[in-house]
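Just so we're on the same page: letters track the sequence lines, and every chain starts at 1.
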2 protein chains.
Amino acid sequence: MLQPDWNAVRALPLFRSMSEKTFTTLTATAVQQSFPQHVELITEGNTPDFLHIAFQGTVELFSVHNGHQATVDILRPMTPFILAAVIRDDVYLSLARTLTTTQLISIPAQSARDAFDRDLAFARAIADELAERYCDTVRSLKNEKLRTGTKRLANWILRADALQGNRRIIELAFGKRTLAASLGMTPEYLSRSLARLTRYGVRVHGRDIVIEDFQALERFANPNALIDG
Amino acid sequence: MLQPDWNAVRALPLFRSMSEKTFTTLTATAVQQSFPQHVELITEGNTPDFLHIAFQGTVELFSVHNGHQATVDILRPMTPFILAAVIRDDVYLSLARTLTTTQLISIPAQSARDAFDRDLAFARAIADELAERYCDTVRSLKNEKLRTGTKRLANWILRADALQGNRRIIELAFGKRTLAASLGMTPEYLSRSLARLTRYGVRVHGRDIVIEDFQALERFANPNALIDG
DNA sequence: CGGCGCTTTGAGGGAATTCAAACTTAGTGG
DNA sequence: CCACTAAGTTTGAATTCCCTCAAAGCGCCG
């Protein structure tokens, strides 16, 4: 069983600058749990009992309405989530589910709020984190409103490549079905969009996406620092 | 010349709970300015010098990419804006422009950050405000992804009616052009969407929108507490 | 009255979805 | 190791959603 790596947690932006005392108090009541793939972690419309941090695995935030689904965010490891609901002590706006096996650290919501009120450094870290999540969501909104599906895909590929070290080969960490949802399109349309990007040197082999002509793809994608970060 | 109503500012959620001392310090350096219609207040990509609060008038946050525009938010009076950029001391992600004549209170960004670090009550208020803006943006994202344009319009009408006191008559505070942008559609499509809502008892007379059959409209709109707040 | 901007209407097209069917992949049990 | 199944992915055809461009109608102000 993997133990939570408290040193790694301590190094997170959210926990880095707080006092040792606050950190000890905060983590004393924290619990750690492991979840398999495709498990629902939290449900829409509930009030949060815990602040969660996935320190291993990938978590998807999504929402359901009228028989349709929309991905709100996909969280890489070490991102705290539902922070806003914890701070406001208000209902979640999304469901969260694991995309992979996931190790979660959960801090009682009340502990987090108490720590906020006692430790200014923590308060600032929370505000920073919230501001960042806000900015990310504004970016998503702009991405959604200002680009077509195929352009969103092209920019996603560029970003994924950069995150994986500019090797011009991207290995998908999850299925195309999930990728499609996170790009706001149907799996069928993702397939067609990928086919269309062939024109700009994008090849697909199973779970690998290869960029054969970076320049052409970038010209088509037309990335924007104020959308793609 | 209208003087800023410091009592009203003091009553805002953001300023309500801070100490008298912090409030005095914060507002000592604040400036007040008046702007006419359709003026650009801030530009994308710059770093904020001030935290702005519109205490009279309406401000639109929007963004431009590739010859297209997208409205990010329309702010009612007394909403502080660009708070996230001020806290992070990072670039704006959007442009802001006045939709009407607007009175602005502007607090130097560094003052705001200093106050944050000295006054825990203010820090908490900032975090609350940020969490709320984050939630609002998530709602927008869901609204955009999960509904068609005509459904967004139907829900917008229901909400506008509730805000104006359930009188079943809505008076537009701005032109249809702006409404279309804020709903993420072209003016032409808004016009067609309004025509389509005739089927559910919606009549348009110039700048007035009349709901003749609330039930039918609500049935079509299918509002959702986790999207529409 | 004339002009200007905003809104509506019309025609056509591109973007994205649905539904259905073929195909591929991965996992399971023999 | 192979066959079988179930799931994920691709392809095709039809449809809906929404946009563009162009022209006409409306409202407001000089």
Side-chain angles (χ1 to χ4, degrees), chain A residues 36-38 60 64-71 97 99-101 143-156 170-199 202-209 220-222, chain B residues 37-38 60 64-71 99-100 143-156 170-199 202-210 220-222:
Chain A
Q37 262 191 327
H38 304 304
E60 180 185 22
V64 171
H65 176 69
N66 227 350
H68 289 258
Q69 266 196 28
T71 301
R97 90 181 133 207
L99 290 181
T100 63
T101 301
N143 192 36
E144 188 70 25
K145 285 194 174 190
L146 290 167
R147 298 212 263 234
T148 65
T150 308
K151 295 240 177 194
R152 288 199 298 276
L153 171 61
N155 280 287
W156 182 89
I170 296 139
E171 299 170 38
L172 288 179
F174 33 72
K176 293 202 179 114
R177 176 172 280 282
T178 306
L179 175 58
S182 95
L183 289 168
M185 57 176 80
T186 58
E188 295 96 318
Y189 197 73
L190 170 62
S191 184
R192 284 182 243 271
S193 289
L194 278 169
R196 206 167 313 167
L197 290 185
T198 293
R199 235 171 129 353
V202 173
R203 314 281 136 176
V204 182
H205 305 296
R207 282 208 160 190
D208 290 349
I209 297 175
F220 171 76
N222 189 19
Chain B
Q37 260 190 331
H38 304 305
E60 180 186 19
V64 172
H65 175 69
N66 229 348
H68 290 258
Q69 266 194 32
T71 301
L99 290 181
T100 62
N143 192 35
E144 188 70 25
K145 285 194 173 189
L146 290 167
R147 299 212 262 234
T148 66
T150 308
K151 296 241 178 193
R152 288 198 297 277
L153 171 61
N155 281 286
W156 183 89
I170 296 138
E171 300 170 36
L172 288 178
F174 33 73
K176 292 199 181 122
R177 177 172 280 282
T178 306
L179 174 58
S182 94
L183 289 168
M185 57 176 81
T186 58
E188 294 97 319
Y189 197 73
L190 170 61
S191 183
R192 283 183 244 269
S193 289
L194 277 168
R196 206 166 314 167
L197 291 184
T198 292
R199 231 169 132 0
V202 174
R203 313 283 136 176
V204 182
H205 305 295
R207 282 208 160 189
D208 290 349
I209 297 175
V210 183
F220 171 75
N222 189 18

| request: Would you mind reading off the bend of the helix from C/dC1-D/dG30 to C/dG13-D/dC18 from its two end axes, five pairs each, to 10 degrees? | output: 20°
Rounded to whole angstrom units, what separation is found between the [atom1] atom of [X] and the [atom2] atom of [N]?
| X | N | atom1 | atom2 | result |
| --- | --- | --- | --- | --- |
| B/Asn66 | D/dC19 | CG | C1' | 15 Å |
| A/Gln37 | C/dA26 | CD | P | 14 Å |
| A/Leu172 | D/dG8 | CG | C1' | 13 Å |
| A/Leu153 | C/dA15 | CG | P | 14 Å |
| A/Leu146 | D/dC18 | CG | P | 16 Å |
| A/Met185 | D/dC17 | CE | P | 19 Å |
| B/His68 | D/dC18 | NE2 | P | 16 Å |
| A/Leu183 | C/dT17 | CG | C1' | 16 Å |

List in chain and number order the residues that pass salt bridge (Lys or Arg N to Asp or Glu O under 4.0 Å) with [X], two or more places apart in sequence or in another chain; answer none if no residue qualifies.
| X | answer |
| --- | --- |
| A/Arg203 | A/Glu212 |
| B/Arg192 | none |
| B/Arg152 | B/Glu144 |

| task | Identify whether any heavy atom of A/Gly184 sits under 4.0 Å from a base atom; if not, whether one sits that close to sugar-phosphate; answer base, sugar-phosphate or nothing. | result | sugar-phosphate
How would you list, by chain and number, every residue that makes a side chain to side chain contact (heavy atoms under 4.5 Å, CB included) with [X], sequence neighbours excluded?
| X | result |
| --- | --- |
| A/Gln37 | none |
| B/Thr186 | B/Glu188, B/Tyr189 |
| B/Thr100 | B/Thr58, B/Thr102 |
| B/Ala70 | A/Lys145, A/Leu146 |

| message | Run the side-chain hydrogen bond (donor to acceptor under 3.5 Å, both in side chains) test against A/Thr150 and tell me which residues pass, sequence neighbours left out. | response | A/Ser193
| request: Quick one: list whatever passes side-chain hydrogen bond (donor to acceptor under 3.5 Å, both in side chains) with B/Asn155, sequence neighbours left out. | output: none
| Least distance between heavy atoms, B/Glu60 atom then B/Thr71 atom | OE2-OG1, 2.8 Å
| said: Return a single string for nucleotides 24-30 of chain D, one symbol per nucleotide in 5' to 3' order, where B is base contact, S is sugar-phosphate-only contact and - is none, cutoff 4.0 angstrom on heavy atoms. | reply: -------
Using a cutoff of under 3.5 Å, can you pull out all pairs of nitrogen or oxygen atoms linking the protein to nucleotides 6-10 of chain C, with atom names and distances?
unit_1: C/dT7; atom_1: OP1; unit_2: B/Lys176; atom_2: N; d: 2.7
unit_1: C/dT7; atom_1: OP2; unit_2: B/Arg177; atom_2: N; d: 3.0
unit_1: C/dT8; atom_1: OP1; unit_2: B/Lys176; atom_2: NZ; d: 3.1
unit_1: C/dT8; atom_1: OP2; unit_2: B/Ser191; atom_2: OG; d: 3.4
unit_1: C/dT8; atom_1: O5'; unit_2: B/Ser191; atom_2: OG; d: 3.2
unit_1: C/dG10; atom_1: N7; unit_2: B/Arg192; atom_2: NH1; d: 3.1
unit_1: C/dG10; atom_1: O6; unit_2: B/Arg192; atom_2: NH2; d: 3.1

| message | Is it true that, when you exclude A/Arg199 itself, more than 12 heavy atoms of the residues, nucleotides or ligands shown sit nearer than 6.0 Å to its CZ? | response | no
| query | Would you say C/dA16 has OP1 or OP2 under 4.0 Å from some side-chain N or O of A/Thr186? | reply | no
